[in-house]
**Q** 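Got a structure for you, questions after.
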Amino acid sequence: MHQKYSFKAIEEKWQNTWESQGSYKVSEVSGKPKFYCLEMFPYPSGKLHMGHVRNYSIGDVLARFYRMKGYQVLHPMGWDAFGLPAENAALKNNIPPAKWTWDNIANMRSQLKRMGISYDWDREVASCHPSYYKWTQWLFLQFFKKGLAYRKEANVNWCPSCQTVLANEQVVGAGVCERCSTRVEKKNLEQWFFKITDYADRLLDNLPKLTGWPERVKVMQENWIGRSEGARVVFRSEEGAELPVFTTRPDTIFGVTYMVIAPEHPLVEKLIAGKPEAEAVRSFVRKVMDQDEIARTAADTEKEGVFTGAYAINPLNGEKVPIWVANYVLLGYGTGIVMGVPAHDQRDFEFARKYGLPVRVVISPEDVELKGEELTEAFAAEGYLVNSGEFTGMPSQEAIGAVIRKVEELGIGQAQVNYRLRDWLISRQRYWGAPIPIVYCEHCGIVPVPVDQLPVLLPEDVRFKPTGQSPLAELADFVATTCPTCGGPARRETDTMDTFVCSSWYFLRYTDPLNEQMPFSREKADYWMPVDQYIGGIEHAILHLMYARFFTMVCYDLGLVGFEEPFTNLLTQGMVTKDGFKMSKSKGNVVDPNYIIDAYGADTARLFILFAAPPEKDLEWSDQGVEGCYRFLNRVWRLAVEIYEKYLPVWQDAATGALSPAGLELHRKTHSTIKRVSEDIQERFNFNTAISALMELVNTIAKYIAEDQERSEPWVVREALQSLLLCLAPFAPHITEEIWSAFGFDGSVHEQNWPEFDPAALVLDEVEIVVQINGKVRDRLLVRKGISEAELEEKVKALPKVSEALNGKTIRKLIVVPEKLVNVVIG
RNA sequence: GCCGAAGUGGCGGAAUUGGCAGACGCGCUGGACUCAAAAUCCAGUGAGGCUCAAACCUCGUGUGGGUUCGACCCCCACCUUCGGCACCA
């Protein structure tokens, strides 16, 4: 063995060997358990960043671990390759987006290879390749056939910087674009949508079954879906126009003192027709519409409204109440009309007080009488009905059902569930995406491109000007086509699909990446799926993770797969920060993975990033911490060299005779380390503590060989070294492979069975008992294992510390925790 | 405002879930090796008190209470930080 740890030579050597031997290629094997380990595929921005390094290091530990555990491990990598940066780069540098993207992919692929991640590169996919987006388009057509892809005009989010529309999920924070943080505007446009709302219930109901998902991700999805149960009740205006409302509190219907309609509601014009208030209402509506959507929907925006001059009739008590228009009612939720119950809804309360509308109490707590005029805030809790006709006296829970039955009887309403979730807007007015496979024909209307004409290829000779229209629209050759149905002249859809569509099914393609007949075969998908461990950033908690679930459910309904949920276990890794901030160019705190690999090697980079923090937490980058990990690997190397020189000539496989105390301790440490590392990887994902256990083992081995003069029990050292290499292999694959091979051990370290610990090795003859007096540690006692409780108590009582503390007082109580602790309670 | 997560040495973090707080690593201090430095190795390292030294004692896991023989861990109230949602009827 070389005296020096030459990481560069070692890493290159083994990466080449693994590649030429196809070490990580995998196929289906019946009768062997499978493990699908998946990291979120990256956008090919050009360079790996530390977040990627962290993501893929975590995945690789698991992939290598489960391989050693005897699983068929599917561990693929690919590229989420459509998207705006390619177009922006094209504009800036005059490079075609395709070239820019493929160059970036080549660059990042070679970086990943330098990391030594165990991917099956034969399964690599790129969402911008026609062999992939052909199937994205195919899936779109399946959605279309099922009525799950449709076109409609809607008031949609528009990012003026990206010059395209966005899905609701892509508007974040205070109404800014998820990509570029530009403030999003609203536009009325005709667009393509996926009917994700049809799946709202299933997306919600399955959440509790996802026991391997972090609670917070599930909560975020639950909030996003925003299910609320209530009733739809149709009020009527005096003139007879239907005014349906959605309410979660039908029990408060006798407390309605006014109605509110959203300013942009189409009924507004009808209501004010011929009324003296008409002009005032119109000018109010204009004012609200001019207001920024974001400002208008903020919770702290002042509630404002005007009376329309029209009245509605409460269908339950026949009462006539005024209809108002107000900014706090949104057209997009429920029916866009709200029944105003100021006594029992805080928003209605504020509005009513401002405009002097009556506040009528219809729900009362058990022992207090509320008075509308005296309330300072709405009473929104449950209680008993008052002033509510035949329902008076009912508890509100019961009344909800009773009122619903009543309106059903009257034929003016029914129970209804409402969702916050909106349909997914998927069309984008941009070039670098999968073309939507649709043709518009003057005679036949919207016509899907027949499957045998897929893919609709993305033309490459395109000029870029972000104009708010897809650049494809300017390509006459692309636009002009013939109708697949009637053969007449037709025009192609020029919008492309949201890149989140492409990433909603890539995990299925990995299971069968070369299939030319189908996006994937059901057989292969059912073999590998669901993903056993998915790893990625928390930023996808709603977006990608909900879309992917939706796609999988649709595929299930289409009979393409035999499972509804794609990801059994989800690990959301924390950010990599430096100086307390997320690494970013603008902050100037970026650490380049290339630099770290050049200076210390991939093994050190991987080890540090896994050691510095548990995976779910944010990780603060530390150059000194990297040094520490580099030192550790050097220590491992020197230790191996020393063992090679001193022990290799006297190796023995098996135990002979009884071990010395030091040998026994090393043996025990070896097995406790195996136990610890196995549990930390498999059950807790605590790679940091697994690594610290390995550091302890190295320290113990070093101490042992420094003191071992006779070398009469070399098998203990051999066992310790082999176990160390095997347990370290998933974290630092190159150095362990090199040492394993230098010692002439069989095959590749990565193809060995994961070591099993021997419980017998962990058994101690003697255990240290902590002795507490009144709960405070006062002494320790070494006793033989299996000592009787009575004998232990005697020994404890005999301790000088105990008699000293006793000093005339009595022992009140003696708590004994077997093999651990005795607490003497003195009083 | 609502929901959720987190607060432990100089720093990153341990404590396998109610039983020795601070594992492991970084940093720092002292020592060995060296002409010197780097590298490496050894020892020490929560705060305070007492002591020549050791022994020993007190305090200590965001704050204040509580439960318990015993609390970083459980309960109640609060503070701070970070995320998500936010006029959703």
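Residue numbering restarts at 1 for every chain, and letters A, B, ... go by the order of the sequence lines. Any value given below was found using the heavy atoms of this structure, including those in side chains, with hydrogens, waters and symmetry copies removed.
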**Q** Summarise protein proximity over nucleotides 53-58 of chain B in one line of letters, 5' to 3': B for base, S for sugar-phosphate only, - for none, counting protein heavy atoms closer than 4.0 Å.
**A** ---SSS

**Q** Please classify the nucleic acid contact of A:Glu696 as base, sugar-phosphate, or nothing, using heavy-atom distances under 4.0 Å.
**A**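 Sugar-phosphate: the residue A:Glu696, judged by heavy atoms under 4.0 Å, touches backbone atoms but no base.
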
**Q** If the glycosidic angle sits within 90 degrees of zero it is syn, else anti. Tell me which applies to B:G9.
**A**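 Here B:G9 takes the syn form, which means its glycosidic angle is within 90° of 0.
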
**Q** Which way is the base of B:U8 turned, syn or anti, if we draw the line at 90° from 0?
**A**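 Anti, which is what one calls it when the glycosidic angle falls more than 90° from 0.
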
**Q** Using the ring of each side chain (for Trp, its six-membered ring), is A:His344 parallel, tilted or perpendicular to A:Phe379, with breaks at 30° and 60°?
**A**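 Perpendicular, since the angle between the ring planes exceeds 60°.
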
**Q** Please state whether the phosphate of B:C87, meaning OP1 or OP2, lies under 4.0 angstrom from any side-chain nitrogen or oxygen of A:Arg420.
**A**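 For B:C87, neither OP1 nor OP2 has a side-chain N or O of A:Arg420 closer than 4.0 Å.
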
**Q** Whole-Å distance between B:A6 P and A:Asp618 CG?
**A**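 About 13 Å, once rounded to whole Å.
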
**Q** Measuring from A:Asn634:CG to A:Thr604:OG1, what's the distance to the nearest 0.5 Å?
**A**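 The CG atom of A:Asn634 sits 7.5 Å away from the OG1 atom of A:Thr604.
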
**Q** Write down the distance between CG (A:Asp345) and C1' (B:C2), rounded to a whole number of angstrom.
**A**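 Distance, rounded to whole Å: 15 Å.
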
**Q** Go nucleotide by nucleotide along RNA chain B from the 5' end; which of A:Arg422 and A:Ile691 gets its closest nucleotide reached first?
**A**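 The residue mapped nearer the 5' terminus is A:Ile691.
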
**Q** Return the nearest nucleotide to the side chain of A:Arg631; candidates are B:G27, B:C24, B:A15.
**A**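 Of B:G27, B:C24, B:A15, B:G27 is nearest to the side chain of A:Arg631.
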
**Q** Using a cut-off of less than 4.0 Å, is there contact between a side-chain N or O of A:Ser692 and OP1 or OP2 of B:G13?
**A**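 It does not, given that no N or O in the side chain of A:Ser692 lies less than 4.0 Å from OP1 or OP2 of B:G13.
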
**Q** Let me know, please, whether A:Arg249 or A:Arg780 comes out on the 5' side of the other along RNA chain B by nearest nucleotide.
**A**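 First, find each residue's nearest nucleotide; the 5'-ward one identifies A:Arg780.
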
**Q** Between B:G12 and B:G49, how far is it from one P atom to the other, in whole Å?
**A**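 Those two atoms are separated by 26 Å.
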
**Q** All N/O contacts under 3.5 Å from nucleotides 43-47 of chain B to the protein, with atom names and distances to one decimal?
**A**
none

**Q** For RNA chain B, what is the dot-bracket line, given that a base pair needs Watson-Crick (N1 to N3, plus N6-O4 or O6-N4) or G-U wobble (N1-O2 and O6-N3) geometry with both distances under 3.5 Å, and | means paired with another strand?
**A** (((((((..(((......[....)))((((((.......))))))((((......))))..(((((..]....))))))))))))....

**Q** Heavy atoms only, 4.0 Å cut-off, all strands: where does A:Glu768 land among base, sugar-phosphate and nothing?
**A**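 Since a base atom lies under 4.0 Å of A:Glu768, the category is base.
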
